[in-house]
Asks: 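So that we are looking at the same thing, I have put the structure below in structure tokens.
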Amino acid sequence: MDERLFKQLAFIKEIDKIKKIIRKSRHFTDDNFENDAEHSWHIAMMALILNEHSNEKIDILRVVKMLLIHDIVEIDAGDVIVYNKTDKHSELEKAAADRIFGLLPDDQKAEYYNLWIEFEERKTPEAKFAHSLDRMEPVLQNVIHDGETWFDNTVTYDRIIDINRKIGDGSSALWNVTKDEIDGLFIQKKYPPFDK
């Protein structure tokens, strides 16, 4: 087998582990917790369906690539609820990106590592929109499940808004819908603190 194909297959086998990384969010349709592979696929589909709502013109293939690879680092670093993420966890993710993307041939390693960095930095229109979807999906899942993950982890309304308002950087329309969903949950369930 040629070396390039050997490296590509090694990467493909390694990333199968993403299916075992269980997230803190439940499926929309049942009480099972989502895994990272399901999450990545779902938000890639969201990108295809919702890309017309991006604040700026975007390269949709670039967005889909980012969404499919953005959580691969959790194979090594694990999943941490976004409200508790620390600099130490970010360092673990960077080391994971070096190792996992390092399995690929040099050109693909550079492409996917750089896409991962672009997603993390959220400076380009594509990264901003991709990040919007990455934040929107778990918010909507939490709303469907009456805020269970938030309340189990004592995440306040203000913290939820503070972390998720970045959705608006990629799509004002999606942020408006998402904020309405959050507010609706807090009003309907009378959860404290609802400090509008």
Asks: Who pairs with Glu74 by side chain to side chain contact (heavy atoms under 4.5 Å, CB included), at least two apart in sequence or on another chain?
Replies: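 Once residues adjacent in sequence are excluded, the partners of Glu74 under the side chain to side chain contact (heavy atoms under 4.5 Å, CB included) criterion are Ile21, Asp36, Asp71, Asp79, Glu93.
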
Asks: Lys109: which residues meet the side-chain hydrogen bond (donor to acceptor under 3.5 Å, both in side chains) condition with it, sequence neighbours left out?
Replies: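 Expected list: none.
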
Asks: May I ask you to decide if Asp158's main-chain N or O and Asp162's side chain share a donor-acceptor pair within less than 3.5 Å?
Replies: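 No, Asp162 side chain to Asp158 backbone: no donor-acceptor pair under 3.5 Å.
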
Asks: Ring centres under 6.0 Å, that's the criterion: do Phe119 and Tyr113 meet it?
Replies: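 Aromatic pair excluded; centres sit 6.0 Å or further apart.
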
Asks: List in chain and number order the residues that pass side chain to side chain contact (heavy atoms under 4.5 Å, CB included) with Asn114, two or more places apart in sequence or in another chain; answer none if no residue qualifies.
Replies: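 By the side chain to side chain contact (heavy atoms under 4.5 Å, CB included) rule, Asn114 matches Ala110.
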
Asks: Which residues, ordered by chain and number, are linked to Phe33 in its hydrophobic cluster, where ILVMFWY side chains connect at heavy-atom gaps below 4.5 Å, directly or through other members?
Replies: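 Noted: Phe33 shares its cluster with Ile22.
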
Asks: Among all residues two or more places apart in sequence or in another chain, which pass the side chain to side chain contact (heavy atoms under 4.5 Å, CB included) test with Glu38?
Replies: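 Expected list: His27, Glu34, Asn35.
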
Asks: Under the rule for salt bridge (charged side-chain N to carboxylate O under 4.0 Å, His left out), what residues qualify as partners of Arg4, not counting sequence neighbours?
Replies: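 So Arg4 forms a salt bridge (charged side-chain N to carboxylate O under 4.0 Å, His left out) with Asp107.
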
Asks: Restricting to non-hydrogen atoms, name the atom on Ala47 and the atom on Val64 that form the minimum distance, rounded to 0.1 Å.
Replies: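 Minimum heavy-atom separation between Ala47 and Val64: CB-CG2, 4.3 Å.
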
Asks: What are the two closest non-hydrogen atoms of Leu67 and Ile43, and how far apart are they?
Replies: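 Taking every non-hydrogen atom into account, CD1-O, 3.3 Å.
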
Asks: Any chance you could measure His53, atom NE2, to Met46, atom CE, to the nearest 0.5 Å?
Replies: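 The NE2 atom of His53 sits 10.5 Å away from the CE atom of Met46.
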
Asks: Between Asp98 and Lys94, does any side-chain N to carboxylate O distance fall below 4.0 Å?
Replies: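 A salt bridge links Asp98 with Lys94.
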
Asks: What's the shortest heavy-atom distance between Ala77 and His89, and which atoms?
Replies: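 Heavy-atom minimum between the residues: O-NE2, 3.2 Å.
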
Asks: Which pairs count as salt bridge (charged side-chain N to carboxylate O under 4.0 Å, His left out) when at least one residue sits in residues 121-134, sequence neighbours excluded?
Replies: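 Non-adjacent pairs meeting salt bridge (charged side-chain N to carboxylate O under 4.0 Å, His left out): zero.
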
Asks: When you measure from the side chain of Ser132 to the backbone N and O of Ile167, does any donor-acceptor pair fall under 3.5 Å?
Replies: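 It does hold such a pair.
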
Asks: Please list all pairs meeting salt bridge (charged side-chain N to carboxylate O under 4.0 Å, His left out) that have one or both residues in residues 54-68, counting only residues at least two apart or in different chains.
Replies: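 Qualifying pairs: Arg62-Glu118, Lys65-Glu111.
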
Asks: For Tyr112, enumerate each residue passing the side-chain hydrogen bond (donor to acceptor under 3.5 Å, both in side chains) test, keeping only those at least two apart in sequence or located in another chain.
Replies: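 With neighbours one apart ignored, the set is empty.
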
Asks: Measure the spacing between CD1 of Ile182 and OG1 of Thr178 and express it to the nearest 0.5 Å.
Replies: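 Atom-to-atom, Ile182:CD1 and Thr178:OG1 are 6.5 Å apart.
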
Asks: Under a 4.5 Å side-chain heavy-atom rule over Ile, Leu, Val, Met, Phe, Trp and Tyr, are Phe186 and Ile163 clustered together?
Replies: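 Phe186 clusters together with Ile163.
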
Asks: Are the ring centres of Phe28 and His42 closer than 6.0 Å?
Replies: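 Distance test on ring centres: under 6.0 Å, yes.
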
Asks: With sequence neighbours excluded, what pairs up with Glu14 under the side-chain hydrogen bond (donor to acceptor under 3.5 Å, both in side chains) test?
Replies: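 Counting only residues at least two positions away or on another chain, Glu14 forms a side-chain hydrogen bond (donor to acceptor under 3.5 Å, both in side chains) with Lys17, Arg99.
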
Asks: Please enumerate all residues that pass side-chain hydrogen bond (donor to acceptor under 3.5 Å, both in side chains) together with Trp150, with sequence neighbours excluded.
Replies: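 Checked Trp150 against side-chain hydrogen bond (donor to acceptor under 3.5 Å, both in side chains); matches are Tyr83.
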
Asks: Return the set of residues passing side chain to side chain contact (heavy atoms under 4.5 Å, CB included) with Ala96 (not counting sequence neighbours), or none when no residue passes.
Replies: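 For Ala96, the residues satisfying side chain to side chain contact (heavy atoms under 4.5 Å, CB included) (neighbours in sequence not counted) are Val73, Asp76, Ile100.
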
Asks: Show the nearest heavy-atom pair for residues Lys7 and Leu103, with the distance to one decimal.
Replies: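 Shortest heavy-atom contact: CB-O, 3.2 Å.
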
Asks: Do Asn55 side-chain atoms and Gly168 backbone N/O form a donor-acceptor pair below 3.5 Å?
Replies: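 Confirmed, Asn55 side chain pairs with Gly168 backbone.
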
Asks: Specify the closest pair of heavy atoms between Ser40 and Leu68, including all atoms of both residues, with the distance to one decimal.
Replies: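 Closest pair (atom of Ser40, atom of Leu68, distance): O-CD2, 4.0 Å.
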
